[in-house]
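The basis for the numbers below is simple: all heavy atoms, side chains too, and nothing from hydrogens, waters or symmetry mates. Letters go in sequence order (proteins before strands), and every chain restarts at 1.
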Amino acid sequence: MASHKLVVMLPIQTLRDHAADVATALKKRGIDAEAMVEEILELDEKRRSLQAEVDATLAEANRISKEIGVLYKSGKGAEANALKEESGKLKEKSKALGEDLTTAAEALQQALYQLPNAPHPSVPDGQDDSDNEVVKEVGERPDMGKDAQPHWELASQYDLIDFELGVKITGAGFPVYKGKGARLQRALISYFLDYNTAAGYQEVQVPHLVNEASGMGTGQLPDKEGQMYEITADNLYLIPTAEVPVTNMLRDEILERSSFPIKYTGYTPCFRREAGSYGAHVRGLNRLHQFDKVEIVRVEHPANSYAALDQMVAHVEGLLTALGLPYRILRLCGGDLGFTAALTYDFEIWSAGQGRWLEVSSVSNFEAFQANRLKLRYRDEDNKTQLAHTLNGSALALPRVLAGLLENFQEEDGIRIPEVLQPYTGFAKISQE
RNA sequence: AGAGAGGUGGCCGAGUGGUUUAAGGCGCACGCCUGGAAAGCGUGUUUCCGCGAGAGCGGAUCGAGGGUUCGAAUCCCUUCCUCUCUGCCA
């Protein structure tokens, strides 16, 4: 009752030490951060002074209790009873103070929950995705003229994916992959995992259902509850990304410095309700309720997390280059940046059949934001516990890569398979049987 | 799903109302000893919060939450989880 563990977004210590910097950084998100930060610091101050009062009261009560024990043992019952009265008063006082403390701590917690991660200095200003900064564009966009088909036409023509069948079995957004379509998808998963493990990421297979604590840990709960499928009978959630189970492997852990860097890769299906998103841009594989993804996750010493982010960006570039897909990298602007991220790079591939870019990967540094919720720490040089930094990225999300392959490599007589995939597919071309 | 057992520090494991300030062991760290090591001896070793420049002091913490009591790891209630047996099953 006397000490309140804060489950917060940004670590409170960061706010105490760098209030002005945090407020300035948060302006990029278009929120009035100065007032919020100021309110938080006031609430923090209030909580701390109440904490000190409660502690002092309890210390006195503890002292008296011990004295009573001693008095009873030496048969001085009368004196003991007198002290009991005093102790009763202290108990009342500490109870009242404790309630105030709980109120103050909860108010602080609520305020902290509203506060998103502070954007990295390199995050550009901006309102929405139209303000994202194009960092680079690589590869030639194939010019196919009017003959270019969107992937859903190709998928139907070559009998690779059956969207209607998925509707029958489950509903919209749950496609059935068939024949070479299924094989191509499996080939991509295997290729991605091999590529990732070759770069030192340890392959893991994790549960596809997670409990509430895990959802809280990586930040999907409580804010984005409506985006996850929930198994109410067992109070579990279907994962929206492997990030949740993989990062939560290290929840409540205190790492030794020698354990860095920690690098995991895992393939999982991902389930997203995508409530409220319908329209032309969700056609075919563009947006699904269930899709496959291979994820990379890193846990780093804070001093190394941005170097790690750069490595992850280069890693994903390597995958797209090997596949021969034209891509571009975006640095997300303040308005488009996710709640938990400090810096995010999105990867988009060119979709020749639709004439637009499709996001296939998102690589982020969350700094200490997730670690703070996860209680994921390490011991520093002075043996003190510090929050680690967490990062993750898609390497890669399957459906849009599949769409890109079909659309960009469509030819007169079929669809050409990139060389790196051929050992996995067992065929070099998808053509009319 | 039914029946039973159990959740204690980094790990193992004592502990059914007051020197438990959580015994003891293992591990780890440092020191003594040694030519060096092992053994031995000594000291330290949960985490979180508050105060403090620091040493340190105080509070909380025995799965979680409530209750009884001057005082709870220990008693009561609720809840979560794990294990064993039975049942079911890839």
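- Atom CG of Leu108(A) is separated from atom P of G50(B) by 10 Å (rounded to the nearest Å).
- Annotation: C77(B) and G59(B) have their C1' atoms spaced 27 Å apart (nearest Å).
- Listed nucleotides C49(B), C48(B), G71(B) differ in distance to Arg377(A); the shortest reach to its side chain belongs to C48(B).
- Residue-to-nucleotide contacts include no donor-acceptor pair under 3.5 Å from the side chain of Asp55(A) to the base of G59(B).
- Aromatic pair His208(A)/Phe271(A): ring centres not closer than 6.0 Å.
- Atom-to-atom distance recorded for Leu115(A):CG and Leu26(A):CG is 5.0 Å, nearest 0.5 angstrom.
- Under a 4.0 Å N-O distance rule, the pair Lys95(A)/Glu99(A) does not qualify as a salt bridge.
- C12(B) sits 15 Å from C28(B) when the C1' atoms are compared, rounded to a whole Å.
- When distances run from any side-chain atom of Arg48(A) to the nucleotides G71(B), G50(B), U47(B), the shortest one goes to G50(B).
- The gap from the C1' atom of U8(B) to that of A23(B) amounts to 12 Å, rounded to the nearest Å.
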Reading RNA chain B 5' to 3', what string of ( ), [ ], | and . shows its pairs, if Watson-Crick and G-U wobble pairs count only when both distances fall under 3.5 Å?
((((((((.[[[..)..(.....]]]((((((.......)))))).(((((....)))))..[[[[[..)....]]]]])))))))....

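- Remark: the separation of the C1' atoms in A73(B) and U61(B) is 11 Å, to the nearest Å.
- Taking only side-chain atoms of Thr385(A), from C-beta outward, the nucleotide of C48(B), C70(B), G50(B) with the closest atom is C48(B).
- In this structure, CD in Glu300(A) is found 9.0 Å from CG in Asn365(A), a value given to the nearest 0.5 Å.
- If you check C70(B), C49(B), U47(B) against the side chain of Arg379(A), the one that comes closest is U47(B).
- Rounding to whole angstrom units, CG of residue Asp252(A) and C1' of C48(B) are separated by 12 Å.
- Nearest nucleotide to the side chain of Ala59(A), out of G71(B), U47(B), G58(B): G58(B).
- In this structure, CZ of Arg257(A) is placed 14 Å from P of A29(B), rounded to the nearest angstrom.
- Cation-pi contact between Lys293(A) and Tyr267(A): absent, since separation from the ring centre below 6.0 Å together with deviation from the ring axis within 45° is not met.
- Rounding to the nearest 0.5 Å places CD1 of Ile68(A) at 5.0 Å from OG of Ser87(A).
- Here the C1' atom of nucleotide U69(B) and the CD1 atom of Ile64(A) are 15 Å apart, to the nearest Å.
- Going from atom NZ of Lys66(A) over to atom P of U20(B) covers 11 Å, rounded to whole Å.
- Within 4.0 Å of Ile254(A), counting heavy atoms only, lie sugar-phosphate atoms of the nucleic acid but no base atom.
- Between Leu58(A) atom CG and C70(B) atom P the separation is 16 Å, expressed in whole Å.
- Across all strands, Ser87(A) comes closer than 4.0 Å only to sugar-phosphate atoms, never to a base (heavy-atom distances).
- A ring-centre distance under 6.0 Å is not found for Phe369(A) and His389(A).
- A distance of about 11 Å separates the C1' atoms of G6(B) and G63(B), rounded to the whole Å.
- Tyr191(A) and Tyr424(A) have perpendicular rings, their planes meeting at more than 60° on a 0 to 90° scale where under 30° would count as parallel.
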